[in-house]
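I have placed the structure first, in the form of structure tokens, so that the comments after it can refer back to it.
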Amino acid sequence: MNSPYDELIKDVRKLLELLSAEINKDVTAYVNNVIRAPSQYGYIALPMHSIIREYGDIGNIIKDKILPKLKLIDNVSLINGYLNISVNIAEYTNIVLRIINSLGEKYGISEKCPVGNYIIEHTSANPAKPMHIGHGRNAVLGDSLARLLRFCGASVRVHFYVNDCGDQMPYVGIGYYVAKDTVVKRVNEGVKPDEVIGIVYSVTYAVSEIKRLSKQIEQLSNEGKYDEANKLISERDEWVSVINNFMEKDKELTEVLLKGLGRFEDLPLMVKQWSRNYEEGDEYVRKVIREAIDLVLRGFRVTLDRLGISFDSWDFESEVAVDNGGVFRVINELSRKAQQYVERDNGALVFRADKYVQDLKLWDELKLPKYIPKATLLRSDGTSLYLTRDIAYALWYWDNFKFDKLIRVIGSEQAHPQAQLRLALYAMGYQELARRLIHYSYEMVNLAGMKMSGRKGVYVSLDDLLNEAKSRVMDIVRSRFSPEEADKVAEAVAVGAIRYSFLSVSPNKPLTFSWDKVLNLRQNSGPFIQYTYVRTNGILDKVTEIPKAQIPSNIANEERELILMLGEYPEIIAKAAQELRLEYIIDYINKLSLLFNSYYEKYPVLNAEPGVREFRINLVNAVKTVLGNAMNILGIPRLRRM
RNA sequence: GGCCCCGUAGCUCAGCAUGGACAGAGCGGCGGCCUUCUAAGCCGUAGGUCGUGGGUUCAAAUCCCACCGGGGCCGCCA
């Protein structure tokens, strides 16, 4: 017995079984239609309009013949075609408190929770610049999913895919190559390494763009195409202003980069070469780029640590998809197994995912969008694309781990490539892998009125977000705690605020970032939950042990509501875990907190009369257990005082 | 143009998959509450043609169709 609500439903089922016998009609299926009743009518209700129309007043039958046989159902009433059910609250309270007390931190687990083996891949930010708030949404979603499934008893591995073969890497590498000394100096001075490399990347990219555009402009001018040339000139000006911005941020580093990069006659071509050399395993290029990446990842870890996020594995794309022959294998197996869907197009190799899905009608089986574009696997110069390596990466998982579900937290803008990926796996003969792969999609995070651009350095970094949140909290707690304690509390509250705000909006809604919303310290926020938790501690810290309690004869309305809500917790957890919907838990703890705070203001606990006091202490302890338990799942830090 | 997601109170969002009784929170507004377990709180109040129009149903914010508005994707980028 681990779900109080489920015990109640068992009685509802029994009621329906007995009713079926009485009226000679099987109505047991109605147990699946339980809804919440308006509070004046009871706790739960069954819409039974047609039955009531046909059989008239079944209420009296239930009251006279059935209720005496049920333990948890107190009374029923028929109103407007609804069978309203009220709970024997004393009996139910006993069950709720007993289950919560005996299960403690484990309360919430039930048979309905999914178990099995999961792999979750999330965050996977490109190692070129600091993570921004978009990565924050990804990271918090992924980490909370992992925590939720682990809580349920599933075995979960969490992976970070290090995109070290991406197009951004050669810029990072070349920039680092020319400015290494300055970079190392900055890092030793205590600047976050990902921030330093971020400047290196952006400036290098900007310089390369300027060189590329200049060449085009010259050519267009020579051809007399001045309109087109002018367009490119204003584009070039944008990149110049990007560089000017970094001049203000770090003059020395930017100048070193400009000087060093100036030496390279054809930087855009060099970028292509480095890219190729990296993929082919050129030792020197590998060494330089990997050094820079390691710096970035060091910075990532600091940020992720602050948010309470950790990984079991960091998978380098070059290792899991290229060096192990993955790309080669993808091209080979796909060409062999799905020959008629692989074709050459101007020297590039293309997988006709569009035709394949049409012919095999896989939309339902793989949950695909109706439109699938063609997928290019190899460029005409023979190098692989992200998608190709992504297919190889999926195969690497398949070869090395056992899992029932592979959940990848990736933005919704990648819906098409992710669909192509599953189709390619299917076509290669890995149908089961294709079915187990879940694209856990989330919509973008936008800056109000502005578009984020990593390349142009226009974004709010996760570090900025954490620091700003912390300093706002600091203003409040400085006077209450010693400096060290204040720092700890401020950090924890900042993390709670940020995680909550990312989790409180459904992933399929675009999230418009606003400081006011994320840094909200009031109701419907992380700090509000933390504060409520602290209040339970404030009471419980003053008692030496949780006393045995009798259920008082008159239970206050708020107490009744609390008991009912606490009893529903395992249902919420099971539903959230089955559907991978973390918002359900957020919604639940916010409601529970509102309810508890209302109760807290109205009823004394420690000073209550004997008998009632013990009961209330138990109730507060139950709230604390459930709240704390949910906070763990969502990664909202728990505090004793704040 | 095709595909995916979204449209609910001034603002931010729950609720929609599995249709049910007067559509819920928070922020912001207005008015109150700190000699009593932390006021990051609580109480009260105002605020809604659930984008629009049809359809299905005893019953539609929820399901179906059409349309309108916003975002994303349709690259030899990731």
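Naming: A, B, ... by sequence-line order, numbering from 1 per chain.
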- Checking B:A14, B:G72, B:A25 against the side chain of A:E413 (C-beta onward), the nearest is B:G72

- Message: What contact category does A:D345 fall into here, base, sugar-phosphate, or nothing, at under 4.0 angstrom with non-hydrogen atoms?
- Response: base

- Touch class at under 4.0 angstrom, heavy-atom based, for A:K575 against every strand present: base

- Taking the six-membered ring for Trp, are the ring centroids of A:Y371 and A:H416 within less than 6.0 Å of each other? yes

- So, A:Y171 versus A:W274, ring centres under 6.0 angstrom or not? no

- Among B:A14, B:C43, B:C76, the one nearest any side-chain atom of A:D587 is B:A14

- Message: Quick check for you: among B:C76, B:U38, B:C13, whose closest atom lies nearest to any side-chain atom of A:Y600?
- Response: B:U38

- What does A:D164 touch in the nucleic acid at a heavy-atom separation under 4.0 angstrom: a base, only the sugar-phosphate, or nothing? nothing

- Task: Report the nucleotide, chosen from B:C37, B:A14, B:C27, that has the shortest atom-to-atom distance to any side-chain atom of A:I539.
- Result: B:C37

- So which nucleotide from B:C76, B:C13, B:U38 ends up closest to the side chain of A:R480? B:U38

- Remember a base hit wins even if backbone is also touched, and classify A:R581 as base, sugar-phosphate or nothing at under 4.0 Å, heavy atoms. sugar-phosphate

- Message: Considering every strand and a 4.0 Å limit on heavy-atom distances, what is the contact class for A:R389: base, sugar-phosphate, or nothing?
- Response: sugar-phosphate

- Message: Can you measure A:K591 atom NZ to B:C13 atom C1' for me and round it to whole angstrom units?
- Response: 12 Å

- Considering only side-chain heavy atoms of A:N524, which listed nucleotide, B:A40, B:G26, B:A21, is closest? B:G26

- Task: Heavy atoms under 4.0 Å is the rule here; annotate nucleotides 1-9 of chain B 5' to 3' with B where the base is hit, S where only the sugar-phosphate is, and - elsewhere.
- Result: -BSSSSS--

- Message: Students often mix this up, so state it plainly: with edges at 30° and 60°, are the rings of A:Y393 and A:W396 parallel, tilted or perpendicular?
- Response: parallel

- Task: State which of B:G41, B:C37, B:A17 makes the closest approach to the side chain of A:E579.
- Result: B:A17

- Task: Give a yes or no answer on whether the side chain of A:E561 reaches the backbone of A:L595 with a donor-acceptor pair at less than 3.5 Å.
- Result: no

- Mind checking A:N346 for me? I need base, sugar-phosphate or nothing, with any heavy atom below 4.0 Å counting as a touch. base

- Query: Is there side-chain contact between A:P547 and A:I617, with at least one heavy-atom pair below 4.5 Å?
  - Reply: yes

- Query: A:Y41 or A:P417: which one's nearest nucleotide on RNA chain B is closer to the 5' end?
  - Reply: A:Y41

- Would you mind building the protein contact string for nucleotides 56-61 of chain B? One character per nucleotide, 5' to 3', B for base within reach (heavy atoms under 4.0 Å), S for sugar-phosphate only, - for untouched. ------

- Message: Using a 4.0 Å heavy-atom cut-off, does A:S380 contact any base of the nucleic acid, only the sugar-phosphate backbone, or nothing at all?
- Response: base

- How about A:Y341 and A:F351: are their ring centres within less than 6.0 Å of each other? no

- Query: For atom CG of A:D364, is the number of surrounding heavy atoms from other residues, nucleotides or ligands below 6.0 Å larger than 12?
  - Reply: no

- Could you check which of B:A21, B:A40, B:C77 has an atom nearest any side-chain atom of A:R379? B:C77

